[in-house]
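Here is the structure we will look at, set down as structure tokens.
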2 protein chains.
Amino acid sequence: MKVSELAKAYGTTPDTVRYYTRLKLLNPIKSENGYKYYPPTEVSRFKFILSARQLGFSVSDIKQIVDEAGHGKAACPLVRALIKERLAETEKQFQAMLTLRENMSRALEQWECKEDKAPTSTMVCHLIDSFEPVSTEEPSDEK
Amino acid sequence: MKVSELAKAYGTTPDTVRYYTRLKLLNPIKSENGYKYYPPTEVSRFKFILSARQLGFSVSDIKQIVDEAGHGKAACPLVRALIKERLAETEKQFQAMLTLRENMSRALEQWECKEDKAPTSTMVCHLIDSFEPVSTEEPSDEK
DNA sequence: GTAGACCTGTGTGTAAGACACAGGTCAAGT
DNA sequence: ACTTGACCTGTGTCTTACACACAGGTCTAC
């Protein structure tokens, strides 16, 4: 398969295929005209990469995994370790987004009924300046 | 205030202060020795920027808002419009993270009890290859 | 006078591609 | 045979919101 064919087959873009190829995650065969051709093994590797990305692995995680597997070793322990890390990160970000989302909707609500005010030298926008966020502090749980 | 003082006062880093200054979001006074000094108006502007960032506005959003206010106009309508956009984006990302998080924990669970397997030419890691994600598809709601 | 802690500007790095561009290649239609 | 248009190639730059590095200037305390 050629670059665009591969991309289309899995609903991504040629740029993504080229990106992974640049990083040597994919190793196509170069034909005489200079075009890259992806044999079946590379196609399934691409599928693998996309699955791993969907599971939250970073591209560099995937590189590690592929390298490990390239040595014939089972990458499973590494994979389990990595996903634990990524899950923890995701959980953190998730909580942050939860707070952010709540703050944003609270702000929107608060602001709907407030009038406009011209700025002053110390206040760019009274909406933002006077916004009261939800308490992020857990009363006394850590430290 | 000097760069590091300002940063410390609001729990950020000197690099952040310098970054906003580079973008002309902050306009310090240069003293003879070349150091930047932030007068009270710039200090409250910095406070404003940090609040806006916490509310999910991008730095370029903030630049727009500040510019608008710089012309003496009330930035409130712009602020309301922008936060609606950002909230919508956040909502999307939030849903995506929800799915991701679920997939990750499901994967972790599924994988705990599976044994390791050596890779083959078409399979880098059977854990990832055989993972079954939660259904992302809404049965037939759009399109 | 000098050590150490600050400051300056500028430049580079990050993640995961998206986009641009100059030029080569190929299949189809004339 | 020739041209058009759709593909391909490499390479380089852009994005976000800073973090970090570096060479050199400045300030404070000893």
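Proteins get letters first, then strands, A, B, ... in listed order; numbering begins at 1 in each. Not measured: the values here are computed from a predicted model.
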Grab the N/O contacts between the protein and nucleotides 8-11 of chain C below 3.5 Å, and write none if there aren't any.
| residue | atom | partner | partner atom | Å |
| --- | --- | --- | --- | --- |
| C:dT8 | OP1 | B:K36 | N | 2.9 |
| C:dT8 | OP2 | B:R18 | NE | 3.3 |
| C:dG9 | OP1 | B:K30 | NZ | 3.3 |
| C:dG9 | OP2 | B:K36 | NZ | 2.7 |
| C:dG11 | O6 | B:R22 | NH2 | 3.4 |

Rounded to whole Å, please give me the gap between [atom1] in [X] and [atom2] in [N].
{"X": "B:Q93", "N": "C:dA16", "atom1": "CD", "atom2": "C1'", "result": "15 Å"}
{"X": "B:N33", "N": "D:dG24", "atom1": "CG", "atom2": "C1'", "result": "15 Å"}
{"X": "A:E32", "N": "C:dT25", "atom1": "CD", "atom2": "P", "result": "12 Å"}
{"X": "A:L25", "N": "C:dA16", "atom1": "CG", "atom2": "P", "result": "11 Å"}
{"X": "A:E89", "N": "C:dT14", "atom1": "CD", "atom2": "P", "result": "17 Å"}
{"X": "A:I49", "N": "C:dA16", "atom1": "CD1", "atom2": "P", "result": "12 Å"}
{"X": "A:L23", "N": "C:dA18", "atom1": "CG", "atom2": "C1'", "result": "15 Å"}
{"X": "B:K63", "N": "D:dC18", "atom1": "NZ", "atom2": "P", "result": "13 Å"}

Closest to the [X] side chain, choosing from [options]:
{"X": "B:Y19", "options": "D:dC18, C:dA16, D:dT26", "value": "D:dC18"}
{"X": "B:D15", "options": "C:dC26, D:dA19, D:dC8", "value": "D:dA19"}
{"X": "B:S58", "options": "C:dA16, C:dT25, D:dA17", "value": "D:dA17"}

Looking at A:E89 and A:R86, does any basic side-chain N land under 4.0 Å from a carboxylate oxygen?
yes
Any side-chain heavy-atom pair of A:C125 and B:C76 under 4.5 Å:
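In short, these two side chains touch, coming nearer than 4.5 Å.
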If you define the side chain from C-beta out and look only at heavy atoms, does anything of A:K36 sit under 4.5 Å from A:L26?
no
So, is [X] near the phosphate of [N], with a side-chain N or O under 4.0 Å from OP1 or OP2?
{"X": "B:S60", "N": "D:dT16", "result": "no"}
{"X": "B:Y20", "N": "D:dC18", "result": "yes"}
{"X": "A:T16", "N": "C:dA16", "result": "no"}

So, taking the atom named CZ in A:R80 and the one named CH2 in B:W111, what distance separates them when rounded to the nearest 0.5 Å?
9.0 Å
To the nearest 0.5 Å, how far apart are OG1 in A:T12 and OH in A:Y20?
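Between A:T12 OG1 and A:Y20 OH, I get 7.5 Å after rounding to 0.5 Å.
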Are A:I128 and B:L23 linked, directly or through other ILVMFWY residues, by side chains that come within less than 4.5 angstrom of each other?
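As far as the 4.5 Å side-chain criterion goes, B:L23 and A:I128 are connected within one cluster.
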Through direct or indirect side-chain contacts below 4.5 angstrom among Ile, Leu, Val, Met, Phe, Trp and Tyr, which residues connect to B:Y35?
B:Y37
Go nucleotide by nucleotide along DNA chain C from the 5' end; which of A:R53 and B:K2 gets its closest nucleotide reached first?
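Taking each residue's closest nucleotide, the earlier one in sequence belongs to B:K2.
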